[in-house]
Amino acid sequence: DSGSGYTRKPRKVGAFALLGSVPKGKGTVAGTIFLPSDFGLMYSESKTGLPYKPAKVMIPPDGSKDSRIYIECYVYDALKEKAIRKRYYKYTDVTDREKQIKLLTKACVDLNKFLADGNHLNPKNGVDVLDTFAYKTNTNLIAGLRLALDSKSSLRKKTYTNYKLYGNDFIKWIKSKGLEKMQPAGLNKLLCDQFKKFLSDNGYSNRTINNYLSHNQTLFEYLISLDIVKENPFKKVDRLPVGMGRNVAFNKLQQKELTKYMAENYPEMLVFCQYMYYTMARPNEICNTLVKWIGLKAPDKIFLPEEISKSVLERNITITPALQKILDTLHLDVANPNHYIFSTGLRPGKTPMSPNKVADKFTQRVLKKFKNKDGARKYGPEYTLYSWKHTSVVNNYRAGMSRAALKQQLGYKYDYSLEAYLKSLALIDERDLKDKFVEL
């Protein structure tokens, strides 16, 4: 019940483990020569001279949020009909950085040979790579889904990971049904309903089942954009009812009780909770915020880039006078600009705190300390670290803050998303129900 908003494994493993696995590359730490398939490339004997840019090893500068070393190149994409940038993360289990660089350099040599020989993305055996229409006509369902997954690789790491989980699980299920050669247009509502039943029979929650359906629906939309299919069968599948009980705010007495306890026993957590309250930011956003982003674009704003923002759109959070007081306690003026505002000990440092870890600490060291007379928890699992964000929205909405202001601070992309969130907090009132309801 960490309530961070993120789960380490957003779906069960067992049910899909029995269906087989998605093949991985054949490159090894020992330095085995890579094959074109290890780079997602396909070979065409008749096509050479396709545009590409040579592969090279990319080493992020010191202080970068993502310190992983990778291979970067531009390779021809037959569907997009142009060379696109590709990143390959190889030898990630090699702890010696110098050895990893040497291995990656060797892999670049192999990759550049493949590119020079005409290897490229998205061809179909027996089909002219430059004949895009022929390729689309011959693409099977699994190949199409993998194309769609690849199109999501530029998203935030967490978002892309979820797409891979939900998409690859669906591919496993398709293979278990013996439908490897099915064309994308062959997927219909009946099969999607059967997949939905498979999830339900294996004990998946309604929310998780809906996630599977929604993510694969989005992947199918990519196939529609390529004119590979005309209709999206996932759109026709009814979603399962999901309660909104997880969005629970603290009332006034609870706010007073919890802030008093943290001030006396866990002041660092109090600062974190207050920061969440005034920014209305999510734990993952807070834990990945750098010192230099505070006041970056305006002295009264905290900049959040698209890679950590929930909406995948950069936004600026307003620094209220009360929030400025909280920031002053962190002494950010003497902190390293490239450090995170909440690191070890919930103070500025070079490594970010895990949002799940912060949420677990709040549950274990604060919420579970309060007991009823019978010894049961006073704050049930419906109360989480996230409740401080909900509390801020409830307090400010009821105090008259406009929806436009809430939408800006929360970072919602669409009005209907904000409306659904407010509804989940029981904040949507129709005055007629109270003022004009006819009595018996």
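Atoms considered below: every heavy atom in the structure, side chains included; atoms not considered: hydrogens, waters and symmetry mates.
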Handout entry: Asn206 side chain reached by Arg239 side chain, heavy atoms, under 4.5 Å
Key = no
Practice task
Under the side-chain hydrogen bond (donor to acceptor under 3.5 Å, both in side chains) rule, collect the residues that match up with Lys102, sequence neighbours excluded.
Solution key: none
Fill in the blank from the handout: Residue pairs meeting salt bridge (charged side-chain N to carboxylate O under 4.0 Å, His left out), one or both in residues 186-206, sequence neighbours left out, come to Lys189-Asp193, Lys197-Asp201
Exercise for the section: Applying salt bridge (charged side-chain N to carboxylate O under 4.0 Å, His left out), name anything that partners Arg398, two or more places apart in sequence or on another chain. Expected result: none
Fill in the blank from the handout: Applied to residues 296-305, the salt bridge (charged side-chain N to carboxylate O under 4.0 Å, His left out) test, sequence neighbours excluded, yields Lys297-Glu314
Practice task
State which residues pass ring pair (Phe, Tyr, Trp, His ring centres under 6.0 Å) with Phe342; sequence neighbours excluded, sorted by chain then number.
Solution key: Phe272, Tyr275
Practice task
Report yes if the distance between the aromatic ring centroids of Tyr52 and Tyr76 is under 6.0 Å, otherwise no.
Solution key: no
Problem - Any side-chain heavy-atom pair of Val229 and Phe220 under 4.5 Å - result: yes
Handout entry: Residues that Tyr70 engages under ring pair (Phe, Tyr, Trp, His ring centres under 6.0 Å), provided they are two or more places apart
Key = Tyr89
Exercise for the section: Before accepting this row, confirm whether a basic side-chain N of the pair Lys86/Asp150 lies closer than 4.0 Å to the acidic partner's carboxylate O. Expected result: yes
Handout entry: Residues which pass salt bridge (charged side-chain N to carboxylate O under 4.0 Å, His left out) with Asp238, listed by chain and number, not counting sequence neighbours
Key = none
Problem - Heavy-atom check, side chain of Asn168 versus side chain of Ile171, under 4.5 Å - result: yes
Handout entry: NZ or CZ of Lys152 within 45° of Tyr160 ring axis and under 6.0 Å
Key = no
Handout entry: Check: Phe195 ring centroid to Trp173 ring centroid under 6.0 Å
Key = yes
Handout entry: Validation row, ring centre Phe234 to ring centre Phe170 under 6.0 Å
Key = yes
Practice task
May I ask you to decide whether Glu72 forms a salt bridge with Arg85, counting only side-chain N to carboxylate O separations under 4.0 Å?
Solution key: yes
Practice task
Report yes if some heavy atom in the side chain of Thr391 is under 4.5 Å from a heavy atom in the side chain of Asn395; otherwise report no.
Solution key: yes
Handout entry: Residues which pass side-chain hydrogen bond (donor to acceptor under 3.5 Å, both in side chains) with Ser214, listed by chain and number, not counting sequence neighbours
Key = none
Problem - Nearest-0.5 Å distance that lies between atom CG in Leu187 and atom CG in Leu179 - result: 9.0 Å
Side-chain donor-acceptor distances from residues 401-411 under 3.5 Å, at least two apart:
residue	atom	partner	partner atom	Å
Ser402	OG	Ala405	N	3.1
Arg403	NH1	Glu419	OE1	2.4
Arg403	NH1	Glu419	OE2	3.2
Arg403	NH2	Tyr397	OH	3.2
Lys407	NZ	Asp415	OD1	2.8
Gln409	OE1	Thr318	N	3.0
Gln409	NE2	Tyr278	O	3.1
Gln409	NE2	Thr318	O	3.3

Handout entry: Rounded distance [0.5 Å steps], CD1 in Ile319 versus CD1 in Ile326
Key = 12.0 Å
Handout entry: Beyond-backbone contact of Ile142 with Glu180, side-chain heavy atoms, under 4.5 angstrom
Key = yes
Exercise for the section: Could you tell me which residues satisfy side-chain contact (heavy atoms from CB on, under 4.5 Å) with Lys350, sequence neighbours excluded, listed by chain and number? Expected result: His339
Problem - Side-chain heavy atoms of Pro54 within contact of Leu115, under 4.5 Å - result: no
Handout entry: Within-4.5 Å side-chain heavy-atom neighbours: Phe362 and Met269
Key = yes
Completion exercise
Residues passing the side-chain hydrogen bond (donor to acceptor under 3.5 Å, both in side chains) test with Asn232, sequence neighbours excluded, are Glu221
Problem - Asp360 side chain to Asn356 side chain, donor-acceptor N/O pair below 3.5 angstrom - result: no
Practice task
Could you pull out all residues at least two apart from Ala426 that satisfy side-chain contact (heavy atoms from CB on, under 4.5 Å)?
Solution key: none
